[in-house]
Trainee: 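Structure below; questions to follow.
Order of the sequence lines fixes the chain letters, A, B, ..., with proteins taken first and strands second; residue numbering starts at 1 for each chain.
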Amino acid sequence: MERYEPLKIEQKWQKIWEETKPFKATEEPGKPKMMLAEMFPYPSGAGLHVGHVRNFTIVDVLTRFYTQQGLNVLRPFGYDTFGLPAENYAIKTGTAPQDVTKTNIANFRKQAKRLGYAIDWDREINTSDPEYYKWTQWCFLQLYKKGLAYQKESYQWWCPEDQTVLANEQVENGKCWRCSHEVEKKKMKQWFFKITEYADELLEEIDSLEWPEKIKTMQKNWIGRSVGAEIDFEVAGGAPHITVFTTRPDTIYGATFLVVAPEYTALDSLLTDDTREKVLDYKATALKKSEIERQENKEKTGVFTGSYAINPATKEKIPIWVADYVLAGYGTGAIMAVPAMDDRDHEFAEKFDLPIVETELCDRDLFGTPKVTYRMRDWLISRQRYWGCPIPIAYDKDGNPHPIPEDQLPVLIPEVDDYKPDNSGRSALAKAKDWLKVTINGEEMTRETDTLDGYACSSWYLWRYASPHDIEAAWDQDAIKYWEPVDYYCGGDHAVAHLLYIRFWCKFFADEGFLPFREPIKRLLYNGYINAPDGKKMSKSKGNVIDPLDVINDGYGADTLRTYEMFIGPYDMDAAWDPRSVGGVYRFLNRCWTLAFATEYNRTDKTINIRHKTIKKVTEDIHRYNFNTAVAALMEYVNELYKSGATEEDVIALAKLLKPFAPHLASEMLEKLSANDEWPQWDEKYLVSDTVEIVVQINGKLRAKLTVNTDDLNDEKKITDLALADEKVQKYTKSGIKKTIFVPKAKLLNIVI
RNA sequence: GCCCGAGUGGCGGAAUUGGUAUACGCGUUCGACUUAAAAUCGAAUGGUGAAAACCAUAUGGGUUCAAGUCCCAUCUCGGGCACCA
């Protein structure tokens, strides 16, 4: 007898799909569309991992489900290729990041094809392809034109030894992670996107999204809208007044001192000859403190500036202190301290022996002007890295920035011999001396050497999918109108970063008339991680990584891998890999194969009820994203077909329902049965049987079961009489009954004694 | 510290609107087939108990005819934010 040979079947169908391109999507005006995408992967050298497979398979199940239901479906694919790993590899080996990326993409593509995904491969995109990043630069210029891409001086971590900016995570105990030199906070000019311009709309529209509550809450907290007031405090002795932000202007009578951040811009004007040295010392120490230190040790520190302010409510002179518990980047960088009301101010006052005055509340608008402040800061987008999208800007001889004209795009990444940053703290782009020179409108200029944060490249890629090879525009208006916004977007990361940035760009481009919608993603599925069998995170160093390609090549095949990852648990929860359960799913698919290829069919349709029940269950479960219970329903169905025998129709229905999960096997079954893959329908009339089981409870405890005609289900009296006549029930009802409650919907009768 | 989410057999998990707790899978045990093993097929499987029955959804209360599900308090785990005035 023939056996189920997944690798043979899968190779056959993958070849057919490669040649006939059944997943190629074209706009068909009038036909309902469905666009689905996963968060495109960063193609690492390690290849696909089981987390990718879970993510991509969720999208694939929905893609195939809606295709079988007759919708016009687009499911594209792409690669997020700029980033540190490729650059570090280049620094270490001298291999061009372009070449490493090419190799990794080829590997990812090959592996994705072995999983049988219903991808329109003609729409593949790659963010480091000049044809793509030309339009990333175009997007930047649109933001720049409207003043939403701008330069600003701000404090950054700086390593004087390596001459480079460091991210917070690259600073360990106040020292550079590479050279262990003490880092300092340095004022530097950097590029920002003005996301705060859209803070209110980003916040307001969250509630209208069909996204997980968890993500919506995280975004709301991230934006962090606070309603309060700004209040001016005059400074005794003539220094400029200090504006504070407070959410409690009504507590101003209790404000007994002011506190400014160490980075406060007008700090100098507050100092006296007696305090100057001490305050500047404090400032230097505070700026040196790493974020980690600051978070771990919240012991209040601070010094008196030497100046006093006038409380506009009490007219009293109150001291002005500097302390690092006040943050420069939030509000005005200065606060009025109300130690009687605020825990932090209280702690500070106790420690430095400052007055604490109980206060009556006053009218909120009496002394200040209403002001709304956000926790969210503008998005710092410049990176001193080689392997990123060059910022399309050049500087004239006076250092003023000028946009590169759109007809000179793309600004290509120059080739260099050494990818390491030089000691000017600039990226390796600065080493391409010829490339640096550019002529704009006849004027000699020098190019910007910073590149864009990778998140900029992924802030518009979903729109590129609509017309991926367009050379006239970033996206085609007709195509975008037909396909987008995205109906389903699936991923397990970037809850606030990417998912907020893409919303921001969407609103901006909608305002500019380039997009006909203001939210890019209708429904978001946020999938959980897959952990090692011991529940710990998979990692190379722990040696507990499961390679999906090993699972396939071990003989289980892609269909088992896919179906197992859908069966592993609720899609949005973390799950632990269980190699033995993989075997269970493989056995299930084997049984499906046997039903199609090695079974005599029943002539009489004894299984019509379970068939219709299963069709309904699987359909509704996929609509609810309950993929695990959909697979369980198919297993139950197969077990029943084994027991009762199957008709040809049973097996055709099985293959159709199985196809989203195990498309190769299902295609093979459908071919054998000469059937199409149209999604099956159920008929409610087959879901009711002639008789129905009634549960009889005594005081809520199951005591007996009755079988009655379905027609009698609404005859409460008949059922109650039947129940009371039951031998088991009578054991309990000798001393009489208080009342009965009959619930036809639950097929349940509760007798209270 | 604050904000989310979760806690159910030996294990992963099911229970969709308050209505038969433990679907489905793994594991285990027994049986069939086999010289044997694997594979496959079938049966059993929450705990205690001979049985009747009783006890079980993190813990303690409450609401209800009825609670895994709702309410209050507590504990544990996971995630996010973290001196945001």
Trainee: Can you find an N or O donor on one side and an acceptor on the other, under 3.5 Å apart, linking the side chain of A/K300 with the base of B/C83?
Mentor: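 Per atom types, the contact qualifies.
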Trainee: In the 5'-to-3' direction, what one-character label does each nucleotide of nucleotides 5-13 of chain B receive under the scheme B = base within less than 4.0 Å of a protein heavy atom, S = sugar-phosphate only, - = no such atom?
Mentor: -------BS
Trainee: What is the distance, rounded to the nearest whole Å, between atom CD of A/E693 and atom P of B/U20?
Mentor: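 Answer to the nearest Å: 12 Å.
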Trainee: How close or far is atom P of B/G25 from atom CZ of A/F627, stated in whole angstroms?
Mentor: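 After rounding, the gap between these two atoms is 20 Å.
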Trainee: Starting the side chain at C-beta, find the nucleotide from B/C3, B/A85, B/C24 nearest to A/N221.
Mentor: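 Closest nucleotide to the A/N221 side chain: B/C3.
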Trainee: What nucleotide, of B/A85, B/G19, B/U16, holds the atom closest to the side chain of A/D342?
Mentor: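 From the listed options, B/A85 comes nearest.
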Trainee: Counting neighbours of NZ on A/K216 that are heavy atoms of other residues, nucleotides or ligands and sit closer than 6.0 Å, is the number greater than 12?
Mentor: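 Above 12, so yes.
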Trainee: Using the C1' atoms only, state how far B/G60 lies from B/C65, rounded to an integer number of Å.
Mentor: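 One C1' to the other, the span is 24 Å.
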Trainee: Between A/D574 and A/R54, is the closest basic N to carboxylate O distance under 4.0 Å?
Mentor: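 Salt bridge between A/R54 and A/D574, a charged N being under 4.0 Å from a carboxylate O: no.
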Trainee: Taking atom P in both B/C71 and B/U17, compute the distance separating them and give it to the nearest angstrom.
Mentor: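 B/C71 and B/U17 have their P atoms separated by 15 Å.
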Trainee: Of all the choices, B/A85, B/C81, B/G25, which nucleotide is nearest to the side chain of A/W222 once you look at every atom?
Mentor: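 Comparing B/A85, B/C81, B/G25 against the side chain of A/W222, the answer is B/C81.
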Trainee: Please state how far atom CG in A/D493 lies from atom P in B/G79, giving the value in whole angstrom units.
Mentor: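 Atom-to-atom, A/D493 to B/G79, this comes out as 13 Å.
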Trainee: Looking at B/U57, which nucleotide sits across from it as a Watson-Crick or G-U wobble partner, both distances under 3.5 angstrom, or is there none?
Mentor: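 Pair assignment: B/U57 / none.
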Trainee: Work out how far the P atom of B/G46 is from that of B/A39, and round it to whole angstrom.
Mentor: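 Roughly 25 Å separates the two P atoms.
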Trainee: Please determine whether any donor N or O and acceptor N or O are separated by less than 3.5 Å between the side chain of A/K701 and the base of B/U20.
Mentor: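 Under the 3.5 Å cut-off, the side chain and the base do not form any donor-acceptor pair.
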Trainee: Using only heavy-atom distances, decide whether a donor-acceptor pair under 3.5 angstrom links the side-chain of A/K747 to the base of B/U20.
Mentor: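 Answer no: no donor N or O sits under 3.5 Å from an acceptor.
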Trainee: Work out how far the C1' atom of B/A67 is from that of B/U76, and round it to whole angstrom.
Mentor: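 After rounding to an integer number of Å, I get 22 Å for this pair.
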Trainee: Given B/G19, B/A23, B/C81, which nucleotide is nearest the side-chain atoms of A/E636?
Mentor: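 Given the options B/G19, B/A23, B/C81, the side chain of A/E636 is closest to B/A23.
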Trainee: Between P on B/U64 and CG on A/N699, what's the gap in Å once rounded to a whole number?
Mentor: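 Rounded to whole Å, this separation is 15 Å.
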Trainee: Which nucleotide sits closest to the side chain of A/Y642: B/G42, B/U20, B/C83?
Mentor: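 Between B/G42, B/U20, B/C83, the one nearest the side chain of A/Y642 would be B/G42.
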Trainee: For A/W593 and A/Y586, I'd like to know if the aromatic rings sit close, meaning centre-to-centre distance below 6.0 Å.
Mentor: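 Aromatic pair excluded; centres sit 6.0 Å or further apart.
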Trainee: Which is true for A/Q697 with a 4.0 Å heavy-atom rule: it touches a base, it touches only sugar-phosphate, or it touches nothing?
Mentor: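 Base contact - A/Q697 has a heavy atom under 4.0 Å of at least one base atom.
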Trainee: Determine whether the aromatic ring centres of residues A/H494 and A/Y501 are separated by less than 6.0 angstrom.
Mentor: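 No; A/H494 has its ring centre 6.0 Å or more from that of A/Y501.
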Trainee: Round to the nearest Å and state the distance from A/R624 atom CZ to B/A15 atom C1'.
Mentor: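 Taking atom C1' of B/A15 as the reference, CZ of A/R624 is at 12 Å.
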Trainee: Tell which nucleotide pairs with B/U34, taking only Watson-Crick or G-U wobble pairs whose two distances are both under 3.5 angstrom.
Mentor: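 B/U34 is unpaired by these criteria.
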Trainee: Closest-nucleotide mapping onto RNA chain B: is A/L702 or A/T246 further toward the 5' terminus? I mean the 5' end.
Mentor: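 Whichever sits nearer the 5' end wins; that is A/L702.
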Trainee: Spell out, as yes or no, whether a donor-acceptor pair under 3.5 Å connects the side chain of A/Q730 to the backbone of A/L724.
Mentor: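 Between the backbone of A/L724 and the side chain of A/Q730 there is a qualifying donor-acceptor contact (under 3.5 Å).
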Trainee: What nucleotide among B/A14, B/G25, B/A85 has an atom nearest to a side-chain atom of A/T247?
Mentor: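 For the A/T247 side chain, the nearest candidate turns out to be B/A85.
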Trainee: Is the phosphate of B/A52 approached by A/Y732 (side-chain N or O, under 4.0 Å from OP1 or OP2)?
Mentor: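 No, no such contact exists.
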Trainee: Between A/F348 and A/K300, is there a cation-pi geometry (under 6.0 Å to ring centre, at most 45° from the normal)?
Mentor: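 So A/K300 doesn't make the cation-pi contact.
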Trainee: In whole angstrom, what separates A/F742's CZ from B/U20's C1'?
Mentor: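 Those two atoms, CZ and C1', are 14 Å apart.
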Trainee: Could you tell me whether the side chain of A/T560 reaches within less than 4.5 Å of the side chain of A/V551, counting heavy atoms only?
Mentor: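 No; the side chains remain at least 4.5 Å from each other.
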Trainee: So, is A/R587 close to the B/G27 phosphate, meaning a side-chain N or O under 4.0 Å from OP1 or OP2?
Mentor: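 For A/R587, the contact criterion (side-chain N or O under 4.0 Å from OP1 or OP2 of B/G27) is met.
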Trainee: Is A/M635 close to A/V585 at the side-chain level, that is, under 4.5 Å between some pair of heavy atoms?
Mentor: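 SC-SC contact between A/V585 and A/M635 confirmed.
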Trainee: For B/A85, does OP1 or OP2 lie under 4.0 Å from any side-chain N or O of A/S226?
Mentor: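 So the side-chain polar atoms of A/S226 do come within 4.0 Å of the phosphate oxygens OP1 or OP2 of B/A85, strictly under.
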Trainee: Applying the Watson-Crick and G-U wobble criteria at under 3.5 Å, what pairs with B/A85? Answer none if nothing qualifies.
Mentor: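 Across any shown strand, B/A85 pairs with none.
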Trainee: Quote, to the nearest angstrom, the P distance that separates B/G25 from B/G19.
Mentor: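 Between the two P atoms, the distance is 25 Å.
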Trainee: Run the numbers on A/R703 and A/Y732 for side-chain hydrogen bond (donor to acceptor under 3.5 Å, both in side chains), then give the verdict.
Mentor: CA-CA 9 Å; A/R703 294 300 180 190; A/Y732 296 90; 3.1 Å; yes
Trainee: Flag yes if more than 12 heavy atoms outside A/K351 fall under 6.0 Å of its NZ atom; otherwise flag no.
Mentor: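 Atom NZ in A/K351 is crowded, with more than 12 foreign heavy atoms closer than 6.0 Å.
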Trainee: In the strands shown, is B/G19 matched to any nucleotide by a Watson-Crick or G-U wobble pair with both distances under 3.5 Å, and which?
Mentor: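 B/G19 is paired, partner B/C65.
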Trainee: Now, which nucleotide makes the Watson-Crick or G-U wobble pair with B/G27, with each of the two distances under 3.5 Å?
Mentor: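 Across any shown strand, B/G27 pairs with B/U45.
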Trainee: With a 4.5 Å cut-off on side-chain heavy atoms, are A/D365 and A/P249 touching?
Mentor: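 No; the side chains remain at least 4.5 Å from each other.
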Trainee: Quick one: label A/K728 by what it contacts on the DNA or RNA (base, sugar-phosphate, nothing), any heavy atom closer than 4.0 Å.
Mentor: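 The residue A/K728 makes no contact with any strand.
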Trainee: Using whole Å, what does the distance between atom P of nucleotide B/U64 and atom NZ of A/K738 come to?
Mentor: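 Spelled out: NZ on A/K738 to P on B/U64 is 13 Å.
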Trainee: Under 4.0 Å between a side-chain N or O of A/Y330 and OP1 or OP2 of B/A85?
Mentor: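 For B/A85, OP1 or OP2 has a side-chain N or O of A/Y330 closer than 4.0 Å.
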Trainee: Would you call the rings of A/Y625 and A/Y571 parallel, tilted or perpendicular, where under 30° means parallel and over 60° means perpendicular?
Mentor: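 If you compare the ring of A/Y625 with that of A/Y571, the planes turn out perpendicular.
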Trainee: Applying the Watson-Crick and G-U wobble criteria at under 3.5 Å, what pairs with B/G7? Answer none if nothing qualifies.
Mentor: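 B/G7 is paired, partner B/C75.
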Trainee: Mind checking A/N590 for me? I need base, sugar-phosphate or nothing, with any heavy atom below 4.0 Å counting as a touch.
Mentor: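 If one applies the 4.0 Å heavy-atom cut-off, A/N590 turns out to touch nothing in the nucleic acid.
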Trainee: Taking the six-membered ring of A/F245 as reference, does the cationic atom of A/K371 (NZ for Lys, CZ for Arg) lie under 6.0 Å from its centre and within 45° of its axis?
Mentor: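 No cation-pi geometry.
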Trainee: Can you tell me whether the base of B/G9 sits syn or anti, using the 90° cut around 0 to define syn?
Mentor: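 Syn, angle within 90° of zero.
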Trainee: What's A/V752 touching, base or sugar-phosphate or nothing? Going by heavy atoms closer than 4.0 Å.
Mentor: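 Here A/V752 touches the backbone only, sparing every base.
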Trainee: Whom does B/C2 pair with, Watson-Crick or G-U wobble, provided both distances fall under 3.5 Å?
Mentor: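 Its partner is B/G80.
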Trainee: In whole angstroms, how far is the P atom of B/C77 from the NZ atom of A/K537?
Mentor: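 Result: 16 Å.
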Trainee: For nucleotides B/G9 and B/C4, find the distance between their C1' atoms and express it as a whole number of Å.
Mentor: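 Pairwise C1' distance, B/G9 against B/C4, rounds to 29 Å.
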Trainee: If you measure from the C1' atom in B/G62 to the same atom in B/G18, how many Å do you get, rounded?
Mentor: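 15 Å, rounded to whole Å.
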Trainee: Between A/R591 and A/K739, who's closer to the 5' end of RNA chain B by nearest nucleotide?
Mentor: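 Of the two residues, A/R591 wins.
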Trainee: Quick one: which of B/C54, B/C65, B/U20 gets closest to the side chain of A/L748?
Mentor: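 So the nucleotide nearest the side chain must be B/U20.
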Trainee: Where along residues 364-379 of chain A does a heavy atom come under 4.0 Å from RNA chain B, residue by residue in number order?
Mentor: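 Per residue number, the list reads A/R375, A/R377.
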Trainee: Taking the side chain as everything from C-beta on, heavy atoms only, tell me whether A/L524 gets closer than 4.5 Å to A/P212.
Mentor: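 Heavy-atom side-chain distance check passes, below 4.5 Å.
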Trainee: Distance check, C1' atoms only: B/U16 and B/A23, in whole angstrom units.
Mentor: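 Pairwise C1' distance, B/U16 against B/A23, rounds to 13 Å.
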